[in-house]
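Basis for what follows: all heavy atoms, side chains included, without hydrogens, waters or symmetry-related copies. Keep in mind the model is a prediction, meaning the values are calculated, not measured. Residue numbers begin at 1 in each chain, while the letters A, B, ... track the order of the sequences.
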Amino acid sequence: GCGGSDSGSEGGGDDGKLTLGFSQVGAESGWRTANTESIKASAAAAGIELKFSDAQGKQENQISDIRGFITQKVDVIAFSPVVTSGWDAVLKEAKDADIPVILTDRAVDSTDTSLYESFIGSDFKVEGQKAGEWLAKEYEGKTGDVNIVELQGTTGSAPAIDRQTGFADAIKANPNLKIAKSQTGDFKRADGKTVMETFLQSVPKIDVLYAHNDDMGLGAIEAIEAAGKVPGKDIKIITVDAVKDGMTALAAGKINFIVECSPLLGDQLMETAKKVKAGEAVEKRILTKEGTFTPEQAKAELPNRKY
Amino acid sequence: MSIIKNRLFWPSLILAVMLVINMFTSNQFVTIQNGHLFGTLIDILRGSAPLILVALGMTLVIATGGIDLSVGSVMAISGAVACLLISDLGDQNAVGSVLLIIGVAIAASLVLGLWNGALVAFVGIQPIIATLILMVAGRGVAQLITDGQIINVQSSPYATLATGFFLAVPVAFLIAAAAVALTLLLTRRTALGLLLESVGGSPTASRLAGISARRITIMVYVVAGGFAGLAGLIYSANIKSADSISAGNLIELDAILAVVIGGTALIGGRFSIAGTVLGAVLIQTLSVTVVAIGIPPEANLLFKAVVVVALCLSQSPDFRAKVFGRFQSRPAVEKPAVEKVVTP
Amino acid sequence: MTTVDMTPATKGPEINKRRRVYKPNTKYIPILATLFLLVVMYSTSVANYENFGDPSVIVNLFRDNAVLLVVAVGMTFVIITGGIDLSVGAVISLTTTLTATLLQGGWPPLVVLPAVLLLGALIGAGQGAVIHFFKVEPFIATLAGLFLARGLALFINQKSIPIRDDLWRSISDYRIVLADGVVTKPIAIVALVTVLIAAVVLAWTRFGRNVYAIGGNADSALLMGLPVGRTKIAVYTVSGFCAALGGVLFSINSTSGWALQGNGMELDAIAACVIGGVLLTGGSGYVWGTVLGVLVAGLIRTILNFQGDLNSAWSRIIIGVLLFGFIVMQRLVTRKAK
Amino acid sequence: MGEQSPVLEMTGIRKVFPGVVALDGVDFRLFPGEVHALMGENGAGKSTLIKTLTGVYEIDGGEIKLGGVPVRIAGPLQAQQAGVSTVYQEVNLCTNLSVAENIFIGREPRKWGKIQWGKMRRRATELLARLDLDLDVSAPLDTYSLAIQQMVAIARAIDIDARVLILDEPTSSLDTAEVEQLFRVMRLIKESGVAILFVSHFLDQIFEISDRLTILRNGQLISEHRVEELSQVQLVEKMIGKELAALEDLEDKAQRNRERAAEAKPLLEAKGLGRTGAISPYDLTIHEGEVVGLAGLLGSGRTELARLLFGADKADKGELSVDGKRVTLRDPQVAMKHGIAFSSENRRTEGIIGDLSVRENIILALQATRGWTRPIPRKKQDEIVEKYIKALQIRPADPERPVRNLSGGNQQKVLLARWLITEPRLLIIDEPTRGIDVGAKAEIQKLVAELSDGGMAVLFVSAELEEVLRLSHKIAVLRDRRLVEELENTADVDADRIMQTIASGATS
Ligand SMILES: Nc1ncnc2c1ncn2[C@@H]1O[C@H](COP(=O)(O)OP(=O)(O)OP(=O)(O)O)[C@@H](O)[C@H]1O
Ligand SMILES: Nc1ncnc2c1ncn2[C@@H]1O[C@H](COP(=O)(O)OP(=O)(O)OP(=O)(O)O)[C@@H](O)[C@H]1O
Ligand SMILES: [Mg+2]
Ligand SMILES: [Mg+2]
């Protein structure tokens with residue numbers, strides 16, 4: 001990377017410690033909090049001084065946070081973009097100030113990829129695909145109609161859009177897999193529950209629920225149970241994230257399948273930051289280590305879940 | 001004729017239309033299942049309980065000419081407090097302890113309301129900014145309480161608040177109904193309603209009529225805080241967990257909307273409890289209808305916009321007069337023979 | 001029509017003489033108090049944080065808050081008449097989405113720019129017309145406007161759309177060097193010019209004075225023969241236009257459009273006005289106050305950014321605490337001075 | 001004049017409000033160069049007629065001709081453009097703006113579209129000087145008293161280049177000197193050919209200034225006369241539709257009671273009570289059953305003096321005792337606990353609560369003293385309200401009507417009722433007869449006399465010196481925000497005597 005060429009310059013603190021400015025999207029979910037905690041913990045462990053700021057879900061805040069980091073002359077800037085596009089200008093400013101940038105969790109769609117060193121994070125579209133593929137496999141060979149309801153994330157947010165399209169792509173080949181209703185649950189547990197209540201009332205027979213995150217799925221489970229149905233059996237449930245609560249439900253058989261979207265990318269970030277600062281080459285795309293879980297896998301994994 | 005002139009006629013009509021739509025789209029509208037009522041209508045009634053509670057408090061605040069933006073944060077705090085304490089209980093199903101904890105959470109909400117009221121009445125800060133402070137900081141406090149995570153509880157007495165049934169009727173709905181009754185009692189059986197409307201109508205004139213505007217103001221914020229706290233408990237009991245981030249997020253907008261639909265003017269003065277309840281149920285029905293008729297998420301807002309526009313226009317007497325005016329038979333009036341608009 | 005010639009009264013008896021009533025001119029005190037507190041807050045931060053004294057901190061304040069500044073200026077007009085405009089954030093999102101979509105569709109930028117500005121103004125005018133002609137509460141009319149504008153934006157495109165148009169890019173990249181190491185961007189200049197124009201309009205034009213009169217007492221204003229309806233519609237038009245301009249600035253700042261852009265901006269704008277001493281009941285306040293309000297909010301954010309070790313919960317609490325301290329001090333200083 | 005054609009001709013004007021026919025086929029003519037008085041009781045429809053003319057209300061029937069041409073006026077702006085300039089009954093100005101702006105808003109001197117503030121202030125100062133007022137024209141209007149606001153409204157109206165000038169009760173809170181100024185200006189305007197429509201409940205003023213008059217009763221046209229054709233008694237008869245019951249000689253009664261009152265127990269004593277910038281420290285003792293009148297010119301500080309005794313403003317000097325015990329009136333509530341009541345001169349912003357009904361407005365103060373937990377039973381409310389609606393002849397006699405829709409005079413009566421039902425020991429009434437018609441005025445005066453007979457002390461503030469003289473046992477004279485003299489209202493005290501005191505500024 002170009003940013004690292006003048007390593008050993010003045011930046012950072014007087015103690016020669018590496019300073020990392022990190023701008024988080026916000027604190028919109030437990031997943032995000034875990035993500036933040038991971039970054040903080042890893043920074044402390046790696047001896048990196050972390051400047052953290054929270055954009056409260058607003059791009060304008062995030063842009064000004066990044067500019068703030070530039071003014072503060074931090075060594076490396078990292079951020080989880082609120083939205084995919086619109087970063088060129090501020091990234092150019094960072095480049096002009098010779099501060100390397102690392103993206104986490106969400107990508108940017110800039111055409112000029114030299115504006116950032118690396119992107120660490122999962123691929124939402126792939127997550128949706130994984131969910132769809134599992135479902136296709138479940139119903140392989142069966143021809144009866146399968147009614148799917150989908151609980152989408154916040155309308156217009158990148159994970160919601162990508163998880164939707166990824167999933168739809170993966171089940172496209174099977175005409176019997178039909179999305180009967182799709183509605184936003186805003187990534188919230190309570191909204192997942194109310195929307196599911198209405199789904200249950202307005203869709204004659206629901207076979208599968210696909211929720212864009214665990215929380216909505218958990219809310220929906222409440223609704224399903226209240227309606228006298230058995231989650232996981234009467235209605236198959238697929239979610240994304242694999243937070244602790246979701247894994248517990250998965251282990252209990254209330255959820256059938258979870259695609260992991262790990263928030264724990266702190267270590268990878270610190271490692272990359274150090275490399276970038278030292279001028280070493282880093283991979284442009286670093287995928288977070290993540291998998292998928294079935295109930296059995298969940299039982300084994302559960303004791304290790306921290307978040 | 002006179003019924004059409006009633007402010008609440010049109011919202012009621014729109015509500016009725018939406019309920020009818022739901023009747024057709026839903027598998028069960030109202031049935032009895034396992035000895036209690038069940039179905040879409042019941043879901044709506046139960047689901048609107050938190051909004052009704054918040055909007056009730058908001059009505060009183062607005063009647064005095066104020067506004068309370070902090071209700072969502074208060075909801076989050078009360079849910080967080082309750083769940084944190086319950087999750088520490090040895091036996092989460094101990095009714096006594098849960099009741100006590102509910103009391104603690106509501107007390108906390110009342111204190112938060114008191115804080116708002118004091119800022120408005122004693123420091124003299126404009127209500128919108130005074131409550132904005134708690135709106136921003138309050139959610140931070142709630143996040144601190146839950147440590148940014150969702151706290152789960154497994155307490156059936158607590159869950160009863162939202163999902164239980166009493167005499168076949170949902171408990172949440174009963175709580176909301178009780179709150180409505182209490183508010184009606186407070187405002188119409190005592191002189192509080194009159195004093196509120198008077199303070200909202202003209203603070204100066206009220207002061208000179210010997211009304212302690214301060215005490216009244218503080219009181220309404222306290223009541224609003226308490227109701228918001230109760231709403232927060234129902235919200236969190238419904239999902240058996242405290243979600244300090246999304247609990248009550250943006251509910252202040254819905255609550256204000258409910259109040260305005262109900263015919264209470266934002267500048268204060270006359271208020272209508274019945275109208276507010278109607279408004280709240282209408283908003284809840286609207287979001288259920290959106291799902292029930294399968295409006296795609298990206299069109300949700302457009303649909304809502306159409307309904308709100310229809311609502312506000314139908315409620316405007318001027319709109320009805322201007323648009324439907326010529327269809328109504330009016331007492332014959334002699335118009336001036338020659339009409340000429342004067343220009344200088 | 002005859003002009004009345006009123007020769008000055010023959011001096012009446014001594015007892016008829018009226019004295020001037022001297023009262024200190026208190027109308028600027030809130031603004032001065034706010035400015036004073038802002039300076040105090042800034043200097044404390046300079047003392048506490050490394051690099052805070054860098055002039056670019058102040059310069060960036062204007063650039064980072066350019067959109068809010070423009071939107072809040074429009075909001076100031078509306079609030080002074082005693083109204084409120086909740087649609088501004090949504091108009092921003094619609095503007096950015098539309099701008100990006102049209103530019104992507106190959107429309108010439110010089111057509112897109114006036115078109116979206118006009119659209120914003122039209123949305124504002126429509127809301128104003130509903131408010132005036134049908135006597136619908138501003139809150140509910142503009143809330144419907146919010147749903148409509150954001151609904152349209154989401155309907156056009158849910159995703160965020162990059163803008164690759166050359167004009168947009170070049171304005172976005174254009175650097176105005178103020179001093180060595182201190183640069184700003186055109187959007188900040190546009191925002192400042194907007195503020196200046198607004199200040200002049202409010203203080204020096206008939207329209208501006210009508211805005212104050214209506215906020216003071218709309219019924220009286222009507223009886224005094226002021227064009228109340230026209231003015232009301234006009235302020236919402238101004239606000240809609242400012243929101244659209246804010247949207248354009250946003251799309252330049254980020255070279256993208258997104259339907260969720262500017263979410264919640266209405267509250268920020270209202271808060272900025274109120275912090276700056278504009279009364280929500282109408283009839284009183286200045287654009288300069290609003291500017292200070294925006295700067296207060298921006299400065300608080302900057303302080304949090306420099307502090308750098310707060311998690312989300314604590315940063316919310318600190319924002320609240322700083323806001324609280326500021327408002328209370330403002331009240332106390334103002335009260336003392338009066 | 002008869003040969004001239006009318007500049008304004010209204011025929012068959014009809015205006016219906018829900019439940020009330022405010023105007024029922026009223027004809028009205030106005031000739032150039034005349035002062036035409038519009039007469040009628042409270043609620044007769046005078047203000048409504050004016051508002052239909054200026055387009056505030058749309059008419060339900062009839063025709064309006066201006067300069068012989070039938071017109072439809074859409075609103076006050078169009079009326080102004082058509083040459084009709086109006087001072088409405090309730091002072092309708094924007095008190096948040098400066099005095100100068102209130103005079104010129106909408107017509108500001110401009111250059112390149114930019115308002116010339118300096119020129120505007122200069123012209124405002126000049127204009128006010130013609131009304132013999134010297135104000136700081138850049139101060140916000142709300143720093144001035146209602147009377148001054150009324151003068152400002154007049155200044156605005158006469159500066160508008162008009163062929164018809166309408167003045168709806170412009171003199172209701174002015175005192176003699178101001179009225180004289182106003183009349184002088186009115187005569188000048190009239191001479192220039194402008195037609196003036198004038199409303200007032202002061203019969204003397206009517207006979208002094210007007211040329212012709214039109215009488216309304218209950219929304220109907222009764223008759224139109226030249227002023228010379230009628231005597232005051234005949235006029236009143238036509239207005240109220242019956243002979244005015246002979247007034248008891250209040251003045252004599254006041255004389256008789258004077259000594260009794262002076263010997264009664266002191267109820268309230270102010271010693272060196274004052275407030276910086278509002279009123280210099282003053283001493284005043286009010287005994288039980290005593291009527292104390294306050295006399296002074298516009299802006300002499302009568303209102304300020306009275307407000308301190310109610311805690312409406314907080315005194316920053318001196319002390320006050322009630323029944324010999326020291327009290328601090330932190331706010332009105334405390335004063336009310338001590339049996340003090342205060343009806344403000346500014347009924348629109350400090351008195352009525354427009355949205356609330358007549359009933360609610362009347363019981364408001366009584367309810368406030370009881371606190372919110374002890375509501376007045378509805379039956380009792382209805383009883384009280386009905387009684388006072390009758391006693392004060394509040395019209396329309398519908399307790400559930402929003403008070404905003406009542407005519408100005410009737411609103412004033414509602415306020416009086418509000419305070420009377422609290423049965424105060426000291427009733428402070430600031431301009432209680434403002435805008436009240438002859439009949440009702442007499443009733444109110446009688447009421448004050450009766451109340452004082454029954455032991456209630458009254459502090460009576462009125463711009464009408466005669467009224468003060470008729471009712472008071474003791475008169476306190478103010479000048480320049482200072483209480484300059486306190487005199488017993490003996491037989492030899494008359495208006496001249498008091499004016500002298502004001503002029504000489506003697507200190508007691
Ligand atoms: N906006 C309104 N709505 C309903 N009724 C009204 C309205 N305005 C006036 N009225 C009624 O119309 C009648 C005439 O009122 P108006 O104000 O013209 O009386 P007025 O002659 O000016 O009396 P005053 O001497 O007290 O000013 C009254 O009965 C009043 O209650
Ligand atoms: N705090 C103050 N500082 C300066 N001037 C004041 C203050 N308060 C009131 N005034 C002015 O003092 C003047 C006297 O007030 P006011 O009119 O109440 O006296 P008044 O004798 O009751 O006269 P009026 O007949 O007009 O009621 C008014 O012009 C008012 O604007
Ligand atoms: Mg009148
Ligand atoms: Mg006075």
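One finds no salt bridge joining Asp309(C) and Lys40(A) here, because no Lys/Arg side-chain nitrogen approaches an Asp/Glu carboxylate oxygen to under 4.0 Å. No salt bridge links Arg316(C) with Asp54(A); every basic N to acidic carboxylate O contact stays at or beyond 4.0 Å. Look at Arg301(C) and Glu60(A) and you find no salt bridge, because none of the NZ, NE, NH1 or NH2 atoms lies under 4.0 Å from a carboxylate O. One finds a salt bridge joining Glu93(A) and Arg63(C) here, because a Lys/Arg side-chain nitrogen approaches an Asp/Glu carboxylate oxygen to under 4.0 Å.
Both the backbone and the side chain of Thr255(C) come within contact range of chain A, each with at least one heavy atom under 4.5 Å from a heavy atom of that chain. Interface residue Phe250(C): only side-chain heavy atoms are found under 4.5 Å from chain A. In this structure, chain A has a heavy atom under 4.5 Å from the side chain of Leu154(C), while its backbone stays farther away. Only the backbone of Ile161(C) comes within contact range of chain A, with heavy atoms under 4.5 Å apart. Of the two parts of Asn305(C), the backbone and the side chain both hold a non-hydrogen atom closer than 4.5 Å to a non-hydrogen atom of chain A. Looking at Asn253(C), both its backbone and its side chain come within 4.5 Å of chain A, counting heavy atoms on both sides.
Defined by atom type and a distance below 3.5 Å, a donor-acceptor pair is present between the side-chain atoms of Gln59(A) and Gln261(C).
Judged purely by atom type and a 3.5 angstrom limit, Lys159(C) has no side-chain atom pairing as donor or acceptor with the backbone of Gly156(A). With hydrogens and angles ignored, the 3.5 Å screen pairs a side-chain donor or acceptor of Ser160(C) with a backbone N or O of Ser85(A).
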